[in-house]
**Student:** 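I'd like to ask some things about the structure below.
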Amino acid sequence: MAKYVMYRDLLFDTYQAASSEMIKSKMISKISSHNNASAPHTVQKPVFTVSSPLLSNNHTSFDQLIEELPSLKVLYNLTRIYLSTLKDGENRMRLKDMPKPKDDKIQAYQTLKVENTDDRGAAYTEIIRANPSFHSRSRFDFIQTKDGYFVQVLLFFSIERTFTVASDDSPSAAIEEQLCLVRVFIKIDKIHASGMQILQYPNDLSIRHEGLCVMSIHNIERLVYVVPDFSTALNQAENENSTYDHYLVNHDINPNHWSYGATKNFVDIPQEELVEWPQ
């Protein structure tokens with residue numbers, strides 16, 4: 001993370017010091033050369049590896065898993081909805097007619113390792129956890145999906161399906177799907193005074209399944225760091241799983257956020273448009 005914050009500091013500190021167009025021109029050249037000096041521009045596909053089985057008898061049935069963890073009672077139906085969408089797109093059928101996992105078996109995990117490259121081609125690794133007891137405390141990390149949603153991961157799991165789709169590399173009688181159960185947070189269309197994106201917890205009763213859905217782990221874009229906005233209401237304060245109304249996304253740990261490709265137009269922002277933290 002430190003090297004990405006360094007890119008950010010280079011942008012901000014140098015821009016604040018720029019007192020003329022000539023200095024700004026030199027700054028642009030400096031930032032460009034700094035970012036492109038070691039940039040092979042070879043972005044490879046990420047590699048996903050699950051680990052840390054959730055149960056000792058990991059290859060279990062959905063019924064057994066839900067008996068152990070009643071909070072996952074919607075997991076089976078959400079998995080069937082995912083399979084139905086994968087097979088038939090948005091032509092949704094009735095639940096009783098939706099595809100089922102092979103033999104209704106599931107393997108559940110607590111950890112996902114993502115080996116990836118940033119837009120300079122530099123390799124980095126992210127560890128994403130969905131652990132109900134990580135050092136005696138629950139830890140369910142947040143991620144950003146490839147289609148731009150911010151979600152909290154509650155479970156990693158794998159199943160097998162018995163139908164094939166056009167994207168299958170080698171169709172067979174049973175094809176493994178690596179999936180995760182997530183809660184989708186709602187993006188608020190305004191920016192916090194800190195500059196962070198605001199998210200809302202999906203506690204509206206009109207939101208189906210409390211914002212829960214099943215998706216492929218291959219739809220994960222990156223790990224994100226999300227913290228509560230402590231100035232907002234705390235719901236069910238007496239409950240250990242209490243939630244705040246709003247949460248904030250810290251973009252500094254995004255490996256590509258402060259790179260030249262994402263910030264090359266930053267230096268063109270007029271000085272008066274830079275918003276400072278209120279004192």
**Student:** Of the non-hydrogen atoms in Ser51 and Tyr109, which two are nearest, and what is the gap between them?
**Tutor:** O-CB, 3.4 Å
**Student:** Rounded to the nearest 0.5 Å, how far apart are CG of Asn219 and CD1 of Ile143?
**Tutor:**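 It comes to 7.5 Å.
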**Student:** Could you please spell out the steps behind the side chain to side chain contact (heavy atoms under 4.5 Å, CB included) verdict for Val184 and Leu212?
**Tutor:** CA-CA 6 Å; Val184 182; Leu212 296 177; over 6 Å; no
**Student:** Counting distance only, does the side-chain N/O of Glu126 pair as donor-acceptor with the main-chain N or O of Leu223 below 3.5 Å?
**Tutor:** yes
**Student:** So, for Leu179 and Ser216, which heavy atoms are closest and what is the spacing to 0.1 Å?
**Tutor:**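 In this case the closest contact between Leu179 and Ser216 is CD2-CA, 3.9 Å.
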**Student:** Measure across Gln110 and Pro53 and return the closest heavy-atom pair with its distance rounded to 0.1 Å.
**Tutor:**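 It is NE2-O, 3.2 Å.
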**Student:** Check whether Ser84 reaches the backbone of Arg80 with its side chain - one donor and one acceptor, N or O, closer than 3.5 Å.
**Tutor:**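 Pair absent, no side-chain N/O of Ser84 close to backbone of Arg80.
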**Student:** Could you give the distance from NZ (Lys45) to NE2 (His218), rounded to the nearest 0.5 Å?
**Tutor:**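 If we round to the nearest 0.5 Å, Lys45:NZ and His218:NE2 are 10.0 Å apart.
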**Student:** Side-chain heavy atoms nearer than 4.5 Å, only ILVMFWY residues, links allowed to pass through others: does that put Ile217 and Val47 together?
**Tutor:**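 Unlinked, Ile217 and Val47 end up in two clusters.
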**Student:** With Leu181, which of Thr79, Val151, Leu154 fulfils side-chain contact (heavy atoms from CB on, under 4.5 Å)?
**Tutor:** Leu154
**Student:** Verify, without hydrogens or angle tests, whether Glu160 (side chain) and Lys105 (backbone) share a donor-acceptor contact under 3.5 angstrom.
**Tutor:** no
**Student:** For the residue pair Asp104 and Ile159, establish whether any side-chain heavy-atom pair is separated by less than 4.5 Å.
**Tutor:**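 Answer no - side chains too far apart.
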**Student:** List the atom of Pro46, the atom of Val114, and the distance in Å for their closest heavy-atom pair.
**Tutor:**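 Shortest heavy-atom separation between Pro46 and Val114 comes out as CB-CG1, 4.1 Å.
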**Student:** Nearest 0.5 Å, what's the CG-CE distance between Asp229 and Met196?
**Tutor:**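 Between atom CG of Asp229 and atom CE of Met196 there are 10.0 Å.
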**Student:** Do the non-hydrogen side-chain atoms of Ser231 and Tyr244 ever get within less than 4.5 Å of each other?
**Tutor:** no
**Student:** Is it true that Arg183 and Gln152 share a donor-acceptor pair across their side chains at a distance under 3.5 Å?
**Tutor:** no
**Student:** Could you state the interatomic distance from CG (Asp141) to CD1 (Ile127), rounded to the nearest 0.5 Å?
**Tutor:**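 Reported to 0.5 Å precision, the distance equals 10.0 Å.
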**Student:** Please confirm whether the backbone N or O of Gly148 pairs with a side-chain atom of Lys187, one donor and one acceptor, at under 3.5 Å?
**Tutor:**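 It does hold such a pair.
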**Student:** Could you please spell out the steps behind the side chain to side chain contact (heavy atoms under 4.5 Å, CB included) verdict for Phe134 and Arg129?
**Tutor:** CA-CA 9 Å; Phe134 183 73; Arg129 302 185 189 278; 3.5 Å; yes
**Student:** Are Gln200 and Tyr247 close enough that a side-chain donor and a side-chain acceptor fall under 3.5 Å?
**Tutor:**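 The criterion, which ignores hydrogens and geometry beyond distance, is not satisfied for Tyr247 and Gln200.
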**Student:** Is any side-chain heavy atom of Lys190 closer than 4.5 Å to a side-chain heavy atom of Ile198?
**Tutor:** yes
**Student:** If only side-chain N and O atoms count, and only distance matters, is there a donor-acceptor pair under 3.5 Å linking Asp63 with Ser61?
**Tutor:** no
**Student:** What orientation do Phe185 and Tyr201 show, parallel under 30°, tilted 30 to 60°, or perpendicular over 60°?
**Tutor:**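 The arrangement is perpendicular - the two ring planes meet at more than 60°.
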**Student:** Would you give the length of the straight line joining atom CG of Leu155 to atom CG of Asn131, rounded to the nearest 0.5 angstrom?
**Tutor:**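 Separation between the atoms: 11.0 Å.
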**Student:** If you define the side chain from C-beta out and look only at heavy atoms, does anything of Thr49 sit under 4.5 Å from Leu112?
**Tutor:**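 Thr49 does not reach Leu112 side chain to side chain.
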**Student:** Should we count OH of Tyr149 as having more than 12 external heavy atoms under 6.0 Å?
**Tutor:** no
**Student:** Quick one, Arg139 and Arg137 - any side-chain contact, counting heavy atoms below 4.5 Å?
**Tutor:** no
**Student:** Check this for me: Glu67, atom CD, are more than 12 non-hydrogen atoms of other residues, nucleotides or ligands nearer than 6.0 Å?
**Tutor:** no
**Student:** Is the shortest side-chain heavy-atom distance between Phe62 and Leu72 below 4.5 Å?
**Tutor:**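 Side chain of Phe62 against side chain of Leu72, heavy atoms only: no contact under 4.5 Å found.
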**Student:** Between Val226 and Leu248, does the side chain to side chain contact (heavy atoms under 4.5 Å, CB included) criterion hold? Intermediate values first, please.
**Tutor:** CA-CA 5 Å; Val226 174; Leu248 304 174; over 6 Å; no
**Student:** Quick check: closest heavy atoms across Val153 and Cys180, and the distance to 0.1 Å?
**Tutor:** CG1-CB, 4.2 Å
**Student:** Is there a side-chain contact between Lys100 and Thr162, using heavy atoms and a 4.5 Å cut-off?
**Tutor:**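 Not touching, per the 4.5 Å side-chain cut-off.
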**Student:** What do you reckon, are the aromatic ring centroids of Phe150 and Phe142 less than 6.0 Å apart?
**Tutor:**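 Centroid separation for Phe150 and Phe142: 6.0 Å or greater.
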**Student:** Search all heavy atoms of Ile220 against all heavy atoms of Phe48 and return the closest pair with its distance.
**Tutor:**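 Result for this residue pair: O-CZ, 4.0 Å.
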**Student:** Is it the case that more than 12 heavy atoms not belonging to Lys146 sit under 6.0 Å from its NZ atom?
**Tutor:** yes
**Student:** So, do Val50 and Thr111 sit near enough that their side-chain heavy atoms are less than 4.5 Å apart?
**Tutor:** no
**Student:** When rounded to the nearest 0.5 angstrom, what distance separates CG in Asp245 from CG in Leu199?
**Tutor:** 12.5 Å
**Student:** Under the side chain to side chain contact (heavy atoms under 4.5 Å, CB included) rule, what do Cys213 and Tyr82 come out as? Steps first, then yes or no, please.
**Tutor:** CA-CA 8 Å; Cys213 70; Tyr82 168 83; over 6 Å; no
